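A short worksheet on the structure shown next.
Only a predicted model underlies this, so the values are computations on that prediction, with no experimental measurement involved.
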Amino acid sequence: MKGTHLGEFEELILLTVALLNEEAYGVAIQKEIRKKAGRSVAISAIHSALNRLDSKGFVESAFGEATPERGGKRKRIFKVTAFGIKSLEQAKELRESYWTEIPQLSMEGM
């Protein structure tokens, strides 16, 4: 697939979609990122990232049922695809390989 690199922000979005499972829609993703990562992210940035992830094959989406609290609007619910899960696993393995190779810093003499 062309353009399947997973950037840091896209990885954060993808992890959040996986975490939220059946409740992964724009505003819920925004709230979870604020809660877990302490980052304030514009909803438009989240939607842009979700669209990129969708075009790369990392997520897929479907519209949920209309809800009274949204004035009858249907939420677009996202879920991670098998390809998205594989990409997250590869990103985790890469990060862990770096972390395990970082030499331990000595606290002696400080």
Item to check | Gly7 backbone acceptor or donor facing Glu10 side chain under 3.5 Å | outcome: yes

Checklist entry - With Lys31, which residues qualify under salt bridge (charged side-chain N to carboxylate O under 4.0 Å, His left out), at least two apart? => result none

Next on the checklist: I need the minimum non-hydrogen distance between Gly64 and Ile77, along with the two atoms involved.
Outcome noted: N-CG1, 4.2 Å

Checklist entry - In Å and rounded to the nearest 0.5 Å, what is the CD1 to CD1 distance from Ile33 to Ile29? => result 7.0 Å

Item to check | Ring centers of Phe83, Phe58 separated by less than 6.0 Å | outcome: yes

Next on the checklist: Test side chain to side chain contact (heavy atoms under 4.5 Å, CB included) on Leu19 and Lys36; report intermediate values, then the result.
Outcome noted: CA-CA 11 Å; Leu19 177 69; Lys36 288 241 184 285; 3.5 Å; yes

Checklist outcome for this item: Rounded to the nearest 0.5 angstrom, the CZ-CG distance for Arg52 and Leu6 is 10.5 Å

Checklist outcome for this item: In short, Thr16 meets Leu12 closest at the heavy-atom pair OG1-O, 2.8 Å

Next on the checklist: Determine whether Val41 and Ile13 satisfy the following criterion, side chain to side chain contact (heavy atoms under 4.5 Å, CB included), listing intermediate values before the conclusion.
Outcome noted: CA-CA 11 Å; Val41 180; Ile13 297 287; 5.7 Å; no

Checklist entry - What's the shortest heavy-atom distance between Asp54 and Val59, and which atoms? => result OD1-O, 3.1 Å

Checklist entry - When rounded to the nearest 0.5 angstrom, what is the spacing between CG in Leu88 and CG in Leu15? => result 5.0 Å

Next on the checklist: Measuring only between side-chain heavy atoms, which start at C-beta, is Arg95 closer than 4.5 Å to Glu11?
Outcome noted: yes

Checklist entry - Can Arg76 and Ser61 be counted as having a side-chain donor-acceptor contact under 3.5 angstrom? => result yes

Checklist entry - Backbone N or O of Gly57 within a donor-acceptor pair of the Thr81 side chain at under 3.5 Å? => result yes

Checklist entry - Are Phe63 and Tyr25 joined in one hydrophobic group, where the rule is that I, L, V, M, F, W and Y side chains link up if heavy atoms are under 4.5 Å apart? => result no

Checklist entry - Between Arg39 and Glu8, is there a side-chain N and carboxylate O pair less than 4.0 Å apart? => result yes

Item to check | Closest contact, heavy atoms only, Val17 versus Phe78 | outcome: CG1-O, 3.7 Å

Item to check | Donor-acceptor contact present, side-chain Arg34 to main-chain Ser40, <3.5 Å | outcome: no

Next on the checklist: Salt bridge or not between Glu22 and Lys79? Use side-chain N to carboxylate O under 4.0 Å.
Outcome noted: no

Next on the checklist: How long is the straight-line distance from NZ of Lys56 back to CG of Asn51, given to the nearest 0.5 Å?
Outcome noted: 12.0 Å

Checklist entry - Roughly how far apart are Leu53 CG and Phe9 CZ, rounded to 0.5 Å? => result 9.0 Å

Checklist entry - Once you round to the nearest 0.5 Å, how far does CD of Glu93 lie from CD of Glu96? => result 7.5 Å

